Amino acid sequence: MALEGRTAMVTGAAQGIGRSISEILLKNGAKVALLDVAEATGTTLKKSLDGQYGPERTLFIPCDVQSQQQFKAALQKAVETFGHVDIFCNNAGIANENDWEKAVSVNLMGVVRGSYLALEHMNKLSGGQGGVIINIASLAGLGPFPGAPVYTATKHGVVGFTRSMAATSKMSGYGVRFNMICPTFVQTDIINSLTCPAALGQFAHLADPTRKLMEQHGVLDVSRVSEGFLQLLLDETKDGEALVVVSKGSQYYTFPSL
Ligand SMILES: NC(=O)C1=CN([C@@H]2O[C@H](COP(=O)(O)OP(=O)(O)OC[C@H]3O[C@@H](n4cnc5c(N)ncnc54)[C@H](O)[C@@H]3O)[C@@H](O)[C@H]2O)C=CC1
Ligand SMILES: CCCCCC(=O)/C=C/[C@H]1[C@H](O)CC(=O)[C@@H]1CCCCCCC(=O)O
């Protein structure tokens, strides 16, 4: 199997896209540390995966990506259990224009924190074995998404950070590839937040236009993102790339050259 002997960590792994990514990693032979702030959902998932893959293949670690202490301890636990980390996916995210500071904290600061902590273990210059970091951005990381300006800003931030880290890693010799995925709407709980007046705050009047956008763009199954994730992970030529996953297919985004 393509990922036999590899160890992965996925944040926001208890449900949705993170769960689907964790499952495709397991199907392809990897061991996976599942991190999530939702302890009950994560524990239930771990039990179900134990039945399918055996208890030694996964580890559930309750972890809020907003906490440096919890995140650092989670990395430590995964490395102690599995020996090393080869694949790291910063997936945890929320949509909340009302509590927009939390959205910045989870979606952008959480990705920076996760990437830097993962690098401490993966960086070849500090004794690591190298690896791949894949960040889950969004189509809203490449263009404007009306009704969710802060969500959009965080995803643009993830795109900029990931591209810059890819260049930084290459020029420094870290041996770690950085890539991102930019999906359109995907059938998970987060799309309820994008049309929920409480989460939209001052932009609650844009819930209906967002529903219309979903009808126009389509809402994908999570498997479309995890299949893209596997493609991006296994293609060693990809570094600093954004894989756009939309209803008509998946394609690498061409950034304007500056
Ligand atoms: N569903 C969609 O339409 C799209 C989602 N995305 C992105 O995909 C990622 C995953 O979201 P979905 O699976 O769609 O949503 P989801 O709401 O189903 O899953 C998000 C997961 O992240 C966890 N989480 C939230 N805050 C956390 C924190 N502080 N620390 C650790 N875990 C935390 C949740 O408990 C949950 O398990 C997010 O970054 C989202 O922005 C990107 C494009 C489209
Ligand atoms: C393939 C090139 C993509 C270029 C960026 C783009 O097309 C952006 C489109 C936005 C458009 O301005 C209006 C939208 O609704 C698009 C963004 C849709 C975002 C879906 C986000 C879903 C999510 O993250 O939960």
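As a basis for the values below, the full set of heavy atoms in this structure was taken, side chains included, without hydrogen atoms, waters or symmetry mates. No experiment lies behind these values; they were computed from the predicted model shown. Counting starts at 1 for both ligands and their atoms, following the listed order.
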List the closest protein heavy-atom neighbour of [atom]: residue, atom name, distance to the nearest 0.1 Å.
atom: atom 7 (O) of ligand 2; answer: Leu139 CG, 4.2 Å
atom: atom 13 (O) of ligand 1; answer: Ile17 N, 2.8 Å
atom: atom 37 (O) of ligand 1; answer: Asp36 OD2, 2.6 Å
atom: atom 11 (O) of ligand 1; answer: Ile190 CD1, 4.3 Å
atom: atom 25 (C) of ligand 1; answer: Ile94 CG2, 3.8 Å
atom: atom 29 (N) of ligand 1; answer: Asp64 OD1, 2.8 Å
atom: atom 21 (C) of ligand 2; answer: Ser138 OG, 3.3 Å
atom: atom 43 (C) of ligand 1; answer: Pro183 O, 3.4 Å
atom: atom 18 (O) of ligand 1; answer: Gln15 NE2, 2.8 Å
atom: atom 41 (O) of ligand 1; answer: Tyr151 OH, 2.7 Å

Have a look at [options] and point out the one with the heavy atom closest to [atom].
atom: atom 16 (C) of ligand 2; options: Ala140, Pro144, Ala95; answer: Pro144
atom: atom 31 (C) of ligand 1; options: Gly16, Cys63, Gly12, Gly93; answer: Cys63
atom: atom 5 (C) of ligand 2; options: Ile190, Leu213, Leu142, Ile17; answer: Leu142

Nitrogen or oxygen of Gln251 less than 3.5 angstrom from that of ligand 2: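 Between Gln251 and ligand 2 (N or O atoms, distance only) the closest approach is not under 3.5 Å.
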
Write out all pairs satisfying salt bridge (Lys or Arg N to Asp or Glu O under 4.0 Å) with one or both partners inside residues 56-85, taking only residues at least two apart or from two chains.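 For residues 56-85: Lys72-Glu120.
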
Scan residues 209-231 for pairs that pass salt bridge (Lys or Arg N to Asp or Glu O under 4.0 Å), counting only residues two or more places apart or in two chains. Asp208-Arg211

Report the part of Arg19 in contact with ligand 1, treating N, CA, C, O as backbone and CB onward as side chain, heavy atoms under 4.0 Å; options are side chain, backbone, both, neither.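 No part of Arg19 is near ligand 1 at this cut-off.
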
For Ala137, which part has a heavy atom under 4.0 Å from ligand 1: side chain, backbone, both, or neither?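 The part of Ala137 near ligand 1 is the backbone, not the side chain.
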
Purely on distance, is any nitrogen or oxygen of Val186 under 3.5 Å from one on ligand 1?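 Min N/O separation from ligand 1 is below 3.5 Å for Val186.
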
Regarding ligand 1, does Asn91 bring an N or O atom to under 3.5 Å of one of the ligand's N or O atoms?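 Yes; at least one N/O pair falls below 3.5 Å.
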
Do the ring planes of Phe203 and His205 sit parallel (below 30°), tilted (30 to 60°) or perpendicular (above 60°)?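 Ring orientation of Phe203 relative to His205: tilted.
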
